[in-house]
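Working notes for the structure below.
In what follows, residues are counted from 1 in the order of the sequence shown.
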Amino acid sequence: IDLNASANWLIQKQKDEGYWSDWGYISNDVELTGFISENLASEYPYLNETMKDAVDASLEKSCAWLLAYDYTEEDTQALSYAILGLDAIRDHGIGDAGEIDAEIGELKQQLLGKMVGSGVESYWTDRNKWDTYEPTASAVLALHEAGVDATELSSSVSHLIGNRAGRSYS
């Protein structure tokens, strides 16, 4: 795979406002923008200098869009990928780290507010996904990246293990 070509292709698909939009497995603009931002940041070390400059400019745009976005109506997957994208952008050195951290903190609280259950097993749903597995896995990963202690997420990990095994441990 030519990572320079794939990064260039993704950047060419980015809207002028800073987000990505498509209709496919991921059709939510927030989810797609967070996902691609995280991807571009992780590919960065393997790109040539020309593409590194293009990725920096692209991440500046997606950072501004993600920070300005109103997440009020968004569900688990979008909130999770917004956190993951902003976390990757901040760690890459783009944007104001304090502003990004504050937004991640707000998104973290929204995501925690969508958690279902407590104690032995907790999980997340998403109106765009048919089961709890993917939304829960995304939420656990995003919340861990947002600084939530692993012990606070253990009941969700129990749900994932039980769900993947075809049974529940609750």
Same apolar cluster (I L V M F W Y, side chains within < 4.5 Å links), I1/I11: yes
Heavy-atom pair with the smallest gap, counting every atom of S122 and M115: OG-SD, 3.5 Å
Donor-acceptor pair, side chain of S37 and main chain of G34, under 3.5 angstrom: no
Partners passing side-chain hydrogen bond (donor to acceptor under 3.5 Å, both in side chains) against T76 (at least two apart in sequence or in another chain): none
With sequence neighbours excluded, residues passing ring-ring contact (aromatic ring centres under 6.0 Å, His included) with Y71: Y69
Contacts of N4 that satisfy side-chain contact (heavy atoms from CB on, under 4.5 Å) - sequence neighbours left out: D2, L47, N48, M51
Under 3.5 Å, which donor-acceptor pairs do the side chains of residues 134-146 form with other protein atoms, sequence neighbours left out?
residue : atom : partner : partner atom : Å
E134    : OE1  : Y25     : OH           : 2.4
E134    : OE2  : Y25     : OH           : 3.1
E134    : OE2  : Q77     : NE2          : 3.4
T136    : OG1  : W124    : N            : 2.9
T136    : OG1  : W124    : O            : 3.3
T136    : OG1  : T132    : O            : 2.7
S138    : OG   : Q77     : OE1          : 2.8
S138    : OG   : E134    : O            : 3.1

side-chain hydrogen bond (donor to acceptor under 3.5 Å, both in side chains) partners for D70, two or more places apart: T72
Pairing residues for Y19 by the side-chain contact (heavy atoms from CB on, under 4.5 Å) criterion, not counting sequence neighbours: K15, E17, S21, D29, T33, W65
Pairs under 3.5 angstrom only: tabulate donor-acceptor contacts from the side chains of residues 82-98 to other protein residues two or more places apart or in another chain.
residue : atom : partner : partner atom : Å
D87     : OD1  : R90     : NH2          : 2.4
R90     : NH1  : D101    : OD1          : 2.6
H92     : NE2  : D56     : OD1          : 2.7
D96     : OD1  : G98     : N            : 2.9
D96     : OD1  : E99     : N            : 2.7

Heavy-atom closest contact (P45 atom, A41 atom, distance): CD-O, 4.0 Å
Pairwise side-chain contact, L107 with Q110, heavy-atom cut-off 4.5 Å (strictly under): yes
Closest contact, heavy atoms only, A78 versus N28: CB-OD1, 3.6 Å
Side chain S6, main chain L3, donor-acceptor under 3.5 Å: yes
Pairwise salt bridge (charged side-chain N to carboxylate O under 4.0 Å, His left out) hits with a residue in residues 40-50, at least two apart: E49-K52
Worked verdict on L79 versus K114 for side-chain contact (heavy atoms from CB on, under 4.5 Å): CA-CA 10 Å; L79 295 173; K114 292 183 177 292; 3.5 Å; yes
Test side-chain contact (heavy atoms from CB on, under 4.5 Å) applied to E106 - qualifying residues, sequence neighbours left out: E103
Sequence-distant partners of I26, side-chain contact (heavy atoms from CB on, under 4.5 Å), two or more places apart: E31, L32, F35
